[in-house]
Peer 1: 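Take this structure, written in structure tokens, and hold onto it; I'll ask about it next.
In what follows, chains are A, B, ... by sequence order, proteins preceding strands, each numbered from 1. Every value quoted in this text rests on a predicted model; they were computed, and no experiment measured them.
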2 protein chains.
Amino acid sequence: MAEEPDAASRRPATIGDVARLAGVATSTVSRALSTPGRVNEATRQRIVAAAAELSYVPSTQARSLVSGTTRTVALLVPDIANPFYFGLIRGAQRQLRAAGYAQLLVDTEESAEIEAETIDLMRKSADGVILAASRLDERQLAALAQRQPIVTVNRDVPGVPSVILDTPDGARQALMHLRSLGHRRIAYVGGPADSWSNARRWQALEAAAPELGVELHRSGPWMPHADAGAAAADTVVGTATASIVFNDVLAFGMLRRLRERGVRVPEDLSIVGCDDVFGADFCEPPLTTVAAPIEEAGRVAVTMLLETIGGTGSGRTRAVLPTYLRARRSSGPAPTD
Amino acid sequence: MAEEPDAASRRPATIGDVARLAGVATSTVSRALSTPGRVNEATRQRIVAAAAELSYVPSTQARSLVSGTTRTVALLVPDIANPFYFGLIRGAQRQLRAAGYAQLLVDTEESAEIEAETIDLMRKSADGVILAASRLDERQLAALAQRQPIVTVNRDVPGVPSVILDTPDGARQALMHLRSLGHRRIAYVGGPADSWSNARRWQALEAAAPELGVELHRSGPWMPHADAGAAAADTVVGTATASIVFNDVLAFGMLRRLRERGVRVPEDLSIVGCDDVFGADFCEPPLTTVAAPIEEAGRVAVTMLLETIGGTGSGRTRAVLPTYLRARRSSGPAPTD
DNA sequence: GTGAAAGCGCTAACAA
DNA sequence: TTGTTAGCGCTTTCAC
């Protein structure tokens with residue numbers, strides 16, 4: 001194999017090049033490649049060979065121009081560096097690849113503005129959008145969903161299909177767990193003020209506390225970053241003997257602070273996180289946490305979105321995925337007051 | 001504001017709709033929106049207003065069909081769930097957004113085949129490709145780079161622009177650090193056999209060991225997953241008093257195993273990781289690790305790629321980013337043998 | 001400064 | 001079974 005002229009030529013092969021080489025019309029090439037049944041087997045083979053020789057790749061742009069469809073789905077997450085979204089991203093990507101779709105990942109940097117702007121842009125570039133932990137308000141979300149297929153994750157707005165991780169239930173489990181260990185004064189260390197999940201978890205705890213005989217305290221709002229954990233930890237020490245924390249990342253920061261202050265976990269203060277993020281079993285002590293099937297959430301979101309796009313909508317518009325408490329060592333017995 | 005008819009109409013507005021509403025030709029709309037200087041200010045305003053009213057978004061597909069350019073860059077990573085890539089993804093995304101590009105993120109699942117296939121697909125869908133820790137061999141990589149703009153991260157192939165994190169130097173720093181602590185028998189716990197960085201780190205260590213009077217052992221290859229850490233840890237105990245590990249994730253797994261076995265870190269066995277991944281300062285004990293400016297690597301890779309695409313190539317074809325040892329507590333003094 | 005028309009690569013009628 | 005033709009939405013000559 002000496003020179004390969006086609007490889008050297010800068011311009012990628014078009015359907016016209018393939019047609020010329022195979023001695024057929026472009027429409028035949030198109031058919032051979034997308035509706036193999038409707039073309040003579042011999043010519044089909046000739047065409048496939050020609051395409052291979054020119055290493056022809058169909059232009060997705062041209063295709064979508066005529067089909068009006070892009071076979072691309074956008075996934076918007078508030079913070080790509082938050083390990084919580086890893087599983088979601090991966091689950092979505094797997095399901096998308098299987099369906100022959102590409103994934104456009106966008107980090108909206110916790111900004112409602114960037115989010116809205118991106119969704120609008122995507123109206124032409126993607127067939128649909130998956131919104132993780134959207135920062136938009138209900139009205140906006142509902143309006144946008146009118147215009148283009150949208151599925152939300154961890155955000156429930158009437159009329160917008162959604163995948164919900166039932167973390168309020170997980171929080172309830174955590175509360176019972178701590179209570180059964182003997183804790184009576186328990187704090188909820190809350191996440192961002194505009195977080196929908198956060199509000200729902202608090203509600204669930206508030207509802208469950210009385211009948212358990214738990215004195216419930218509230219701390220926050222806190223940003224879901226490890227750095228915020230220091231201040232958060234300080235608010236809890238002395239107030240409660242156990243805490244349920246918005247998410248693991250925040251809990252990591254608390255753990256670090258408590259170690260600095262010499263407050264022992266779980267002996268002096270119990271901690272329960274949420275998400276079962278990467279690292280939750282490596283930290284000191286390993287973190288008891290509300291684990292959620294986040295990768296599955298990604299897959300389900302894609303499935304629902306593709307149903308919406310395809311109009312195959314079985315009508316399922318809301319999926320609630322169960323969570324469970326993964327008890328490790330950061331929630332020991334209640335300290336004797 | 002009662003009914004908003006345009007919002008209700010399913011079909012998104014095209015340039016033609018805008019032209020009609022503004023009472024001009026489509027070409028004028030096009031100019032007004034992309035070359036504002038070449039159009040009368042009054043008409044421009046009329047057009048902008050019309051576009052806003054119809055909430056017109058230009059079709060990127062149609063644009064790229066005529067321009068031959070997609071303003072999209074593909075980023076291929078072997079494993080999206082590996083926290084090492086977070087920073088890279090984010091750095092790349094920031095720089096891309098600033099330049100008005102979209103990011104197509106693909107998880108190649110550590111498969112050379114998926115990688116090659118994806119790169120080929122991207123020839124038409126993206127203006128360029130960033131390859132993190134490519135699994136392809138030199139020949140393939142060089143050939144692909146002929147056909148489309150490619151920048152590699154942590155992979156150096158002649159003729160392919162690359163961003164290199166100088167982890168071999170970091171490994172050398174780790175070796176000196178451990179030696180100065182009194183360690184003489186030190187193991188390198190290696191990563192995947194086909195990892196280019198892995199090979200280079202070993203070379204660096206091998207070269208540095210004699211003059212430091214270090215007896216260097218080698219363990220591996222291991223997959224860079226926490227689960228692999230258990231077996232890896234077992235190979236080191238008793239052989240060496242300190243170990244330099246391919247990456248933090250593997251080190252996490254080792255830490256867990258050593259805790260189970262009752263081997264104290266760093267008293268009985270010192271550990272130095274690599275990457276300074278999320279969690280390295282939360283684990284027990286906090287992990288001393290070779291830290292690399294990974295987010296910067298993402299930004300630099302994008303810059304280099306865009307230069308290649310734009311033909312603005314200043315000719316810079318290789319960026320080497322320094323690394324440094326971030327000493328925490330997992331590398332204590334040498335145990336007395 | 002603006003409009004008419006051609007064409008980017010592809011698919012989908014419609015004919016043959 | 002295959003070829004011809006007309007567009008998808010946009011940019012870009014080329015006239016005016």
Side-chain angles (χ1 to χ4, degrees), chain A residues 9-48 50-51 54-72 100 120-127, chain B residues 9-48 50-51 54-72 100 120-127:
Chain A
S9 81
R10 217 67 199 115
R11 188 182 61 81
T14 73
I15 202 174
D17 300 328
V18 178
R20 209 166 307 121
L21 184 58
V24 296
T26 59
S27 52
T28 308
V29 175
S30 175
R31 273 189 293 257
L33 265 28
S34 35
T35 350
R38 304 181 6 82
V39 87
N40 184 298
E41 178 58 19
T43 48
R44 195 191 66 79
Q45 290 192 3
R46 202 146 32 92
I47 288 168
V48 169
L54 300 173
S55 62
Y56 165 72
V57 177
S59 155
T60 52
Q61 339 293 334
R63 270 200 178 153
S64 44
L65 192 54
V66 39
S67 69
T69 212
T70 61
R71 293 199 83 80
T72 296
D120 205 44
L121 275 176
M122 287 309 137
R123 201 145 52 97
K124 289 281 181 66
S125 320
D127 294 347
Chain B
S9 80
R10 218 66 199 116
R11 187 182 61 81
T14 72
I15 202 173
D17 301 326
V18 178
R20 210 168 305 119
L21 183 57
V24 295
T26 60
S27 50
T28 308
V29 176
S30 175
R31 272 189 291 257
L33 266 28
S34 34
T35 352
R38 302 179 11 81
V39 88
N40 184 297
E41 179 57 19
T43 45
R44 195 191 65 80
Q45 290 191 4
R46 201 148 32 93
I47 289 169
V48 169
L54 300 174
S55 63
Y56 165 72
V57 177
S59 155
T60 52
Q61 341 291 334
R63 272 203 176 148
S64 46
L65 192 55
V66 39
S67 70
T69 211
T70 60
R71 293 199 82 80
T72 296
D120 206 42
L121 277 176
M122 288 309 137
R123 201 143 53 97
K124 288 280 180 68
S125 320
D127 294 346

Peer 1: Distance check needed: C:dT11 C1' versus B:Gln61 CD, whole Å only.
Peer 2: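 That distance rounds to 15 Å.
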Peer 1: So do A:Ser30 and A:Ile15 actually touch side chain to side chain, heavy atoms under 4.5 Å?
Peer 2: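 Side-chain contact under 4.5 Å: yes.
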Peer 1: Check whether any side-chain N or O of B:Thr43 sits under 4.0 Å from OP1 or OP2 of C:dT2, and answer yes or no.
Peer 2: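 Answer yes for this pair, as a side-chain N or O of B:Thr43 is under 4.0 Å from OP1 or OP2.
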Peer 1: Take the protein atom OH of B:Tyr56 and the nucleotide atom C1' of D:dC10, then report the distance between them rounded to whole Å.
Peer 2: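 My rounded result for the distance is 7 Å.
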Peer 1: So does B:Thr14 get a side-chain nitrogen or oxygen closer than 4.0 Å to the phosphate oxygens (OP1/OP2) of D:dG9?
Peer 2: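 Result: no.
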Peer 1: Would you indicate whether the side-chain heavy atoms of A:Thr70 and B:Gln61 approach each other to under 4.5 Å?
Peer 2: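 Side chain of B:Gln61 against side chain of A:Thr70, heavy atoms only: contact under 4.5 Å found.
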Peer 1: Between D:dC8 atom P and A:Lys124 atom NZ, what is the distance in whole Å?
Peer 2: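 Rounding to the nearest Å, NZ of A:Lys124 and P of D:dC8 are 13 Å apart.
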Peer 1: Select base, sugar-phosphate, or nothing to describe what B:Val24 touches, counting heavy atoms under 4.0 Å on all strands.
Peer 2: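 If one applies the 4.0 Å heavy-atom cut-off, B:Val24 turns out to touch the sugar-phosphate alone, with no base involved.
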Peer 1: Measuring from the side chain of A:Asn40 (C-beta onward, heavy atoms only), which nucleotide among C:dG9, C:dG7, D:dT2 has the closest atom?
Peer 2: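 For the A:Asn40 side chain, the nearest candidate turns out to be D:dT2.
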Peer 1: Can you check whether any acceptor in the base of C:dG1 is under 3.5 Å from a donor in the side chain of B:Arg44, or vice versa?
Peer 2: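 Checked by distance alone, the answer is no.
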Peer 1: Just N and O in the side chain of B:Thr28: are any of them under 4.0 Å from OP1 or OP2 of C:dG3?
Peer 2: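 Answer is yes, contact under 4.0 Å.
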Peer 1: Let me know, please, whether B:Thr26 or B:Val66 comes out on the 5' side of the other along DNA chain C by nearest nucleotide.
Peer 2: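 Its nucleotide being nearer the 5' end, the pick is B:Thr26.
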Peer 1: Take the protein atom CG of A:Leu33 and the nucleotide atom P of C:dG9, then report the distance between them rounded to whole Å.
Peer 2: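 To the nearest whole Å, that distance equals 16 Å.
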Peer 1: Between CE of B:Met122 and OG1 of A:Thr60, what distance do you get to the nearest 0.5 Å?
Peer 2: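 Here the rounded value is 8.0 Å.
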Peer 1: Can you tell me if the side-chain N/O atoms of A:Arg63 get under 4.0 Å from OP1 or OP2 in C:dT11?
Peer 2: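 For C:dT11, OP1 or OP2 has a side-chain N or O of A:Arg63 closer than 4.0 Å.
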Peer 1: How many whole angstroms separate atom CG of B:Leu65 from atom P of C:dG7?
Peer 2: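 Those two atoms, CG and P, are 14 Å apart.
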Peer 1: Is there side-chain contact between B:Thr43 and B:Arg46, with heavy atoms separated by less than 4.5 Å?
Peer 2: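 Answer yes - side chains close enough.
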Peer 1: Taking CD from A:Gln45 and P from D:dT1, how many angstroms apart are they, rounded to a whole number?
Peer 2: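 The distance from CD of A:Gln45 to P of D:dT1 comes to 15 Å, rounded to the nearest Å.
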Peer 1: If you round to the nearest 0.5 Å, how far is OG1 of B:Thr35 from CZ of B:Arg44?
Peer 2: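 Between atom CZ of B:Arg44 and atom OG1 of B:Thr35 there are 11.5 Å.
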Peer 1: What about A:Ser27, does its side chain sit under 3.5 Å from the base of D:dT4 through a donor-acceptor pair?
Peer 2: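 Such a pair is found, so the answer is yes.
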Peer 1: Does A:Ser30 place a side-chain N or O at less than 4.0 Å from the phosphate oxygens OP1/OP2 of C:dT11?
Peer 2: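 Looking at the OP1 and OP2 atoms of C:dT11, one of them is under 4.0 Å from a side-chain N or O of A:Ser30.
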Peer 1: Rounding to an integer number of Å, can you tell me how far A:Asp17 CG sits from C:dC8 P?
Peer 2: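 Going from A:Asp17 (CG) to C:dC8 (P), I get 11 Å.
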Peer 1: Taking the minimum atom-to-atom distance to the side chain of A:Ile15, which one of D:dC10, C:dC10, C:dG3 wins?
Peer 2: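 Between D:dC10, C:dC10, C:dG3, the one nearest the side chain of A:Ile15 would be C:dC10.
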Peer 1: Side chain of A:Arg31, heavy atoms from C-beta onward: which of D:dG3, D:dG9, D:dC10 has the nearest atom to it?
Peer 2: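 So the nucleotide nearest the side chain must be D:dG3.
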Peer 1: Would you mind telling me which residue lines up with the more 5' stretch of DNA chain D, A:Ala25 or A:Ser67, judged by nearest nucleotide?
Peer 2: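 Of the two residues, A:Ala25 wins.
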